[in-house]
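Numbers restart at 1 for each chain; the letters A, B, ... are given by sequence-line order, proteins then strands. Keep in mind the model is a prediction, meaning the values are calculated, not measured.
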Amino acid sequence: MPIPADWPTTEAEALAEQERLRPLVEPTGAASSVPVGDERLIAGVDVAYDDERDLVVAAAVVLDRATLAVVEEATATGRIAFPYIPGLLAFREIPAVLDALDALTHRPGTVVCDGYGLAHPRRLGLASHLGVLTGLRTLGVAKTPFTFDHLPPGPDRGDRTPLTDPATGEEVGSAVRTRAGVKPVFVSVGHRIGLTEAVETTLALTPHYRLPETTRHADSLCRRALAALTASGATVATSDVN
DNA sequence: GCGACAG
DNA sequence: ATCTTGTCGC
């Protein structure tokens, strides 16, 4: 997986990069694309920050798609590459995420991201951006509606309603009830996957909890890794893996 | 200009 | 994202 050499520094550069990458997104299902990784494996990625020390820790956790058992975990540490600007989240998270994915010995067929894919002001959210950069199949599962509209899904697990972009009226994803009596999650296409398959994948990853097992493991891992760094007062170079 | 705004 | 206590319920 490619490591970003000339990562955008300014908002203008980031916007231009999104315009360049946006036509490269493949919003199509598995049947039409050649598998890049092992289809039996699915990974989750997440990132934790320490703004005070300018530190970022990313985690990538690979699960067995059938049993949801953890197959492998990896982390990567670095300096924060970009400020948080709504719509430009990918530039903040992806550098560390790429390092964490590179640290894996397994090659997952699919990667689940914390955030959005096509559901994005310019149709290039974190999940789609990561997919285009790596060629991997990706989808986004977000916890809040961001700038999109939706009606509350039915009360049962699996119930869903369209997520729409008020600016264009387009359907950009689904609000999905992954657990009865709990707030929905917001699923969108990342890369090389269709919305139906993205929703099915999300449901397969949420047998017990609101959030996908992939996300839960990655979130827990990057937080623990960051806490461990802080506790040991370790010095961090430009980037460290594992 | 004001408010909203993935993580 | 992160800062933070107790509390209700399975």
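- Residues satisfying the side chain to side chain contact (heavy atoms under 4.5 Å, CB included) criterion with A:V182, sequence neighbours excluded, are A:R179, A:R210.
- Near DNA chain B, meaning a heavy atom under 4.0 Å from it, residues 178-185 of chain A has no residue at all.
- Scanning both residues, A:V36 and A:G135, for their nearest heavy atoms gives CG2-O, 3.2 Å.
- Closest non-hydrogen pair, A:R123 versus A:L118, comes out as CD-O, 3.0 Å.
- Consecutive Watson-Crick or G-U pairing (both distances under 3.5 Å) never extends over three or more pairs in DNA chain B.
- For the pair A:T144 and B:dG7, the criterion of a side-chain N or O lying under 4.0 Å from OP1 or OP2 is met.
- Atoms OG and CG, from A:S128 and A:L139 in turn, are 10.0 Å apart once rounded to the nearest 0.5 Å.
- Applying the side chain to side chain donor-acceptor pair (under 3.5 Å) definition to pairs two or more places apart or across chains, those involving residues 141-156 of chain A are A:D114-A:K143.
- As rounded to whole Å, 14 Å separates atom C1' of B:dC5 from atom CG of A:L163.
- If you check every strand for non-hydrogen atoms under 4.0 Å, A:G140 touches nothing.
- The CZ atom of A:R137 sits 4.5 Å away from atom OG1 of A:T110, with the distance rounded to the nearest 0.5 Å.
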Name each donor-acceptor pair under 3.5 Å that joins a side chain in residues 200-207 of chain A to protein atoms two or more places apart or in another chain, with its distance.
{"unit_1": "A:T201", "atom_1": "OG1", "unit_2": "A:R65", "atom_2": "NH2", "d": "3.1"}
{"unit_1": "A:T201", "atom_1": "OG1", "unit_2": "A:E197", "atom_2": "O", "d": "2.7"}
{"unit_1": "A:T202", "atom_1": "OG1", "unit_2": "A:A198", "atom_2": "O", "d": "2.9"}
{"unit_1": "A:T206", "atom_1": "OG1", "unit_2": "A:R157", "atom_2": "NH1", "d": "3.1"}
{"unit_1": "A:T206", "atom_1": "OG1", "unit_2": "A:T202", "atom_2": "O", "d": "2.9"}
{"unit_1": "A:T206", "atom_1": "OG1", "unit_2": "A:L203", "atom_2": "O", "d": "3.3"}

Checklist entry - For DNA chain C, what is the dot-bracket line, given that a base pair needs Watson-Crick (N1 to N3, plus N6-O4 or O6-N4) or G-U wobble (N1-O2 and O6-N3) geometry with both distances under 3.5 Å, and | means paired with another strand? => result ..........

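- If you take NE2 of A:H150 and P of B:dA6, they are 14 Å apart, rounded to a whole angstrom.
- As a member of the Ile/Leu/Val/Met/Phe/Trp/Tyr network built from side-chain separations under 4.5 Å, A:L163 groups with A:Y116, A:F146, A:F148, A:V172, A:F186.
- A:F146 has its CZ atom 6 Å from the P atom of B:dA6, to the nearest Å.
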For nucleotides 1-3 of chain C, tabulate all protein N/O to nucleotide N/O atom pairs closer than 3.5 Å, reporting atom names and distance.
{"unit_1": "C:dA1", "atom_1": "OP1", "unit_2": "A:R223", "atom_2": "NH2", "d": "3.1"}
{"unit_1": "C:dA1", "atom_1": "OP2", "unit_2": "A:K143", "atom_2": "NZ", "d": "3.3"}

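- At whole-Å resolution of the value, OH in A:Y84 and P in B:dC5 are 10 Å apart.
- Among residues two or more places apart in sequence or in another chain, the side chain to side chain contact (heavy atoms under 4.5 Å, CB included) test is passed with A:L24 by A:L21, A:V132.
- Considering every non-hydrogen atom in both A:V189 and A:L195, the closest pair reads CG2-N, 3.4 Å.
- B:dA4 atom P lies 17 Å from atom OH of A:Y116, rounded to whole Å.
- Per the geometry, CG belonging to A:L139 stands 19 Å off P belonging to B:dA6, to the nearest Å.
- Residues satisfying the side chain to side chain contact (heavy atoms under 4.5 Å, CB included) criterion with A:E72, sequence neighbours excluded, are A:V62, A:L104, A:T105, A:H106.
- Within the model, atoms CD1 of A:I42 and CG of A:L63 stand 7.5 Å from one another, a figure rounded to the nearest 0.5 Å.
- In this structure, the side chain of A:R122 does not engage the main chain of A:E19 through any donor-acceptor pair within 3.5 Å.
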Between N or O atoms, less than 3.5 Å apart, protein on one side and nucleotides 5-10 of chain C on the other: list the pairs.
none

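- Look at CD on A:E11: it is 13 Å from C1' on B:dC5, rounded to the nearest Å.
- Taken from CG in A:D6 to CD in A:E13, the straight-line distance is 8.5 Å, to the nearest 0.5 Å.
- Look at CD1 on A:I85: it is 13 Å from C1' on B:dA6, rounded to the nearest Å.
- Not a single ring-ring contact (aromatic ring centres under 6.0 Å, His included) links A:Y49 to another residue, sequence neighbours left out.
- Base engagement by A:L88 is indicated by at least one non-hydrogen atom pair under 4.0 Å involving a base atom.
- Classified by interplanar angle (parallel below 30°, tilted 30° to 60°, perpendicular above 60°), the ring pair A:H129/A:F91 is perpendicular.
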